[in-house]
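Note on naming: letters A, B, ... go to the chains in the order of the sequence lines (proteins, then strands), and numbering restarts at 1 for each one. Remember, predicted model here, so these are calculated numbers, not experimental data.
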There are 2 protein chains.
Amino acid sequence: MHEVKAAVLARYKTPARVLKALAHPARLRIVEELARGERCVCELAECVGLGMSTVSRHLGQLRAVGLVEDEKRGAQVFYRLRARCVLNFFECLVALERARRGEEVPHAA
Amino acid sequence: MHEVKAAVLARYKTPARVLKALAHPARLRIVEELARGERCVCELAECVGLGMSTVSRHLGQLRAVGLVEDEKRGAQVFYRLRARCVLNFFECLVALERARRGEEVPHAA
DNA sequence: CGCACATTTGGCCAATTGGCGAAATGTGCA
DNA sequence: TGCACATTTCGCCAATTGGCCAAATGTGCG
């Protein structure tokens, strides 16, 4: 008669996981780099300035939610952006940042 | 000669914080609800099915990154969505979810 | 004032996160 | 085979998160 409470949020778990996968400076940087084309792990490690083991983990998180895909070629593993639509987020994010400074409200939906 | 390493990610810290603020089922639900109009804390607590103290904290996180704003009227505090552009995210998120099931790649940028 | 109500804050706690270096795994080549 | 290289996995650890309840704060009303 009064439960079903926890179930309210079930619908939002997956989208929240995707956002969470994106919600880290290193992973944002990685996504931006992958938007330019496929990259191997050591190239990405170089450009984010972290150890390969750490970057490998970050890539694992992005892959787990389907944002990137990987392909092994020889000794290297190349990652590609699988969901380019997330690039639309950047636009809004920079608008928000500008808004924070300029103290003005962002745009419509 | 070889540092500047940590600084690489500085530019991404703020956008990552915004995404992180959004990256929780309860907060996503709240944002969706606020998209329909302003709501007080107890209404939001009701619709996400969590205690008011918890919801108040979630709102604090959304406010901290500028996604919502609050206005106290009488004993209640009403929250409004300040950056409607985040609603664009939902479209991409549901596309991604569909893609996960249908095993097919989402759309372009 | 004093009570009812709405909200925020503090304390507590279990779970997760993100970094590292070391070790394990995999690939290509001499 | 054996070494060099690329990547992932493991173990460790400090920091953060998210939930609850209780306490503090704020507002309106009688």
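Summarising the local packing, CD of Glu71(A) is surrounded by more than 12 heavy atoms from other residues, nucleotides or ligands at distances under 6.0 Å. When the shell of 6.0 Å around CD of Glu69(B) is examined, it contains more than 12 heavy atoms from other residues, nucleotides or ligands. Within a 6.0 Å sphere centred on CZ of Arg36(B), other residues, nucleotides and ligands contribute 12 heavy atoms or fewer.
With respect to the salt-bridge test (charged N to carboxylate O, under 4.0 angstrom), the residues Glu38(B) and Arg73(B) qualify.
We find that NZ of Lys13(A) is positioned 14 Å from P of dG18(D), with the value rounded to whole Å. Taking atom CG of residue Leu44(B) and atom P of nucleotide dT7(C), one finds them 9 Å apart after rounding to whole Å. For Phe78(A) and dT27(C), the CZ to P distance is 15 Å, given to the nearest whole Å. Atom pair Arg17(B):CZ and dA15(D):C1' shows a separation of 16 Å (rounding to whole Å applied). Nucleotide dT25(C) holds its P atom 17 Å from the CE atom of Met52(A), rounded to whole Å. The distance between atom CD of Glu38(B) and atom C1' of dA6(C), rounded to the nearest whole Å, is 16 Å. When the C1' atom of dT8(C) is taken as reference, atom CD of Gln76(B) falls 15 Å away, rounded to whole Å.
For the pair Leu44(B) and Met52(B), the minimum side-chain heavy-atom distance is 4.5 Å or more. Put simply, the side chain of Val77(A) does not reach to within 4.5 Å of the side chain of Cys40(A), judged on heavy atoms.
Going from atom CZ of Phe89(A) over to atom CG of Leu22(B) covers 8.5 Å, rounded to the nearest 0.5 Å.
With distances taken from any side-chain atom of Val77(B) to the nucleotides dT8(D), dT7(D), dT8(C), the minimum falls on dT8(C).
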- Does the pair Leu62(B) and Tyr79(B) meet the rule for a side-chain contact (heavy atoms from CB on, under 4.5 Å), with working shown? CA-CA 10 Å; Leu62(B) 292 173; Tyr79(B) 281 81; over 6 Å; no
- Could you walk me through whether Tyr12(A) and Arg27(B) pass the side chain to side chain donor-acceptor pair (under 3.5 Å) test, one step at a time? CA-CA 9 Å; Tyr12(A) 298 85; Arg27(B) 295 192 293 267; over 6 Å; no
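Along DNA chain C, the nucleotide nearest to Tyr79(B) and the one nearest to Ser53(A) differ in position, and the one closer to the 5' end is contacted by Tyr79(B).
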Taking N or O atoms only and anything under 3.5 Å, show me the protein contacts with nucleotides 17-19 of chain C, one pair per line.
residue, atom, partner, partner atom, Å
dG18(C), OP1, Arg27(A), NH2, 3.3
dG18(C), OP2, Arg27(A), NH1, 3.3
dG18(C), OP2, Gln61(A), OE1, 3.4
dG18(C), OP2, Gln61(A), NE2, 3.4
dG19(C), OP1, His24(A), NE2, 3.4
dG19(C), OP2, His58(A), NE2, 2.4
dG19(C), O6, Arg57(A), NH2, 3.4

Nucleotide N/O of nucleotides 1-5 of chain C paired with protein N/O under 3.5 Å:
none

